[in-house]
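Okay, structure first, notes after.
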Amino acid sequence: MSNEAILADLQKSVETWDIKLVQSATQAAIDAKIPVGTIISDGLGKGMEKVGEMFDKAEIYLPQVVAASKTMEVALKLLEPLMQSGEGSLRGTVIMGTVEGDIHEIGKNVCCAMLRGAGYNVIDLGPDASAMDFMDAAEENDAQVVGGSALMTTTLESQREIVETIKEMDAPYKAIFGGAPCSQEWCDEIGADGYSETANEIIELVNKLVA
Ligand code: B12
């Protein structure tokens with residue numbers, strides 16, 4: 001089976017929330033030594049993007065979206081051992097979380113997976129993490145970067161709060177943000193240190209900030 005066919009299966013498995021297919025395709029990708037970043041960005045992530053588009057067009061509903069995200073989680077679990085043994089382990093520590101008031105986790109999880117694959121120590125605060133949760137975790141873990149995901153226009157303000165808290169505490173952490181309603185313009189406006197539209201770009205972004 002070609003790498004393209006394996007990646008197509010990975011995408012399809014998420015789009016059709018097919019647990020059996022995601023297991024076999026992820027194993028095939030591991031056996032074919034496709035890099036973890038490619039498995040996530042060009043396979044699973046593409047499937048999740050399509051699911052998002054279908055949901056937006058009301059072609060599918062919430063239960064299907066949840067099923068698709070569970071399918072993706074099965075794959076991420078299988079990939080975990082590869083991510084933790086990533087070469088150049090611990091290039092730095094990144095605190096990731098979905099901001100306060102927001103429970104969307106899939107994009108943030110993809111970013112965590114990509115960063116782990118690139119050898120970063122990633123502390124995942126999960127969903128609904130407050131600015132102080134980010135500060136406490138960053139201090140405890142001696143982190144260089146905090147990354148907040150927001151998927152709703154209403155929770156973008158929580159990203160601003162993180163930047164303001166860093167300033168108020170005169171803390172040394174770089175703040176990066178993402179999520180569908182977030183943009184470079186928004187990040188400039190709130191004085192963030194970085195933005196990336198996709199998980200593909202997050203590694204380069206963090207590399208630059210910790211250099
Ligand atoms: C999946 C989903 C859900 C799932 C979440 C499951 C989970 N465990 O995460 C469920 C069904 C639970 C859900 C719930 C809700 N949802 Co919803 N959901 C979505 C959906 C369809 C897809 C989001 C997604 O996972 N995309 C795929 C991932 C891979 O993409 P991503 O998140 O954008 O992440 C990428 C980049 O943005 C970037 N990135 C992400 N985070 C970060 C962080 C950093 C630091 C960086 C650098 C980059 C980065 O990298 C990622 C990978 O490339 C979107 C629609 C859409 N098209 O976005 C709506 C959407 C976000 N939801 C929406 C809403 C309104 C809700 C609810 C309020 C619905 C309700 N009425 O109950 C609740 C939220 C409650 C709450 N308090 O949070 C709206 C938000 C509207 C708005 N603009 O404010 C959307 C846009 C749908 C819509 N068109 O109405 N949702």
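In each ligand, atom 1 is the first atom listed, and ligand 1 is the first ligand listed. The structure presented is a predicted model; accordingly, all values stated were derived computationally and were not measured.
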Go through the steps for Lys46 and Glu49 under the test salt bridge (charged side-chain N to carboxylate O under 4.0 Å, His left out), then give the verdict. CA-CA 5 Å; Lys46 284 249 157 70; Glu49 277 167 29; over 6 Å; no
Please enumerate all residues that pass salt bridge (Lys or Arg N to Asp or Glu O under 4.0 Å) together with Lys77, with sequence neighbours excluded.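 For Lys77, the residues satisfying salt bridge (Lys or Arg N to Asp or Glu O under 4.0 Å) (neighbours in sequence not counted) are Glu80.
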Should Arg160 and Glu157 be marked as a salt bridge (charged side-chain N to carboxylate O under 4.0 Å, His left out) after you check the CA-CA gap, both sets of side-chain angles, and the distance that decides it? CA-CA 5 Å; Arg160 188 200 298 275; Glu157 279 301 322; 2.9 Å; yes
I'd like the atom pairs linking ligand 1 to the protein - N or O on both sides, separation under 3.5 Å - with distances to 0.1 Å.
residue, atom, partner, partner atom, Å
ligand 1, 9 (O), Glu105, N, 2.6
ligand 1, 9 (O), Ile106, N, 3.3
ligand 1, 16 (N), His104, NE2, 2.9
ligand 1, 18 (N), His104, NE2, 3.1
ligand 1, 37 (O), Gly179, N, 3.3
ligand 1, 41 (N), Ser149, OG, 2.7
ligand 1, 50 (O), Ala199, N, 3.4
ligand 1, 53 (O), Ala199, N, 2.9
ligand 1, 57 (N), Asp56, OD2, 3.1
ligand 1, 62 (N), His104, NE2, 3.0
ligand 1, 77 (N), Gly101, O, 3.1
ligand 1, 78 (O), Ile103, N, 2.8
ligand 1, 84 (O), Thr153, N, 2.9
ligand 1, 84 (O), Thr153, OG1, 3.1
ligand 1, 89 (N), Asp56, OD1, 2.8
ligand 1, 91 (N), His104, NE2, 2.8

Before accepting this row, confirm whether a basic side-chain N of the pair Lys108/Glu105 lies closer than 4.0 Å to the acidic partner's carboxylate O. yes
I'd like to know if the side chain of Ser183 and the backbone of Trp186 have a donor-acceptor N/O pair within less than 3.5 Å. yes
Nearest 0.5 angstrom please: Leu151 CG to Thr98 OG1, how far? 7.5 Å
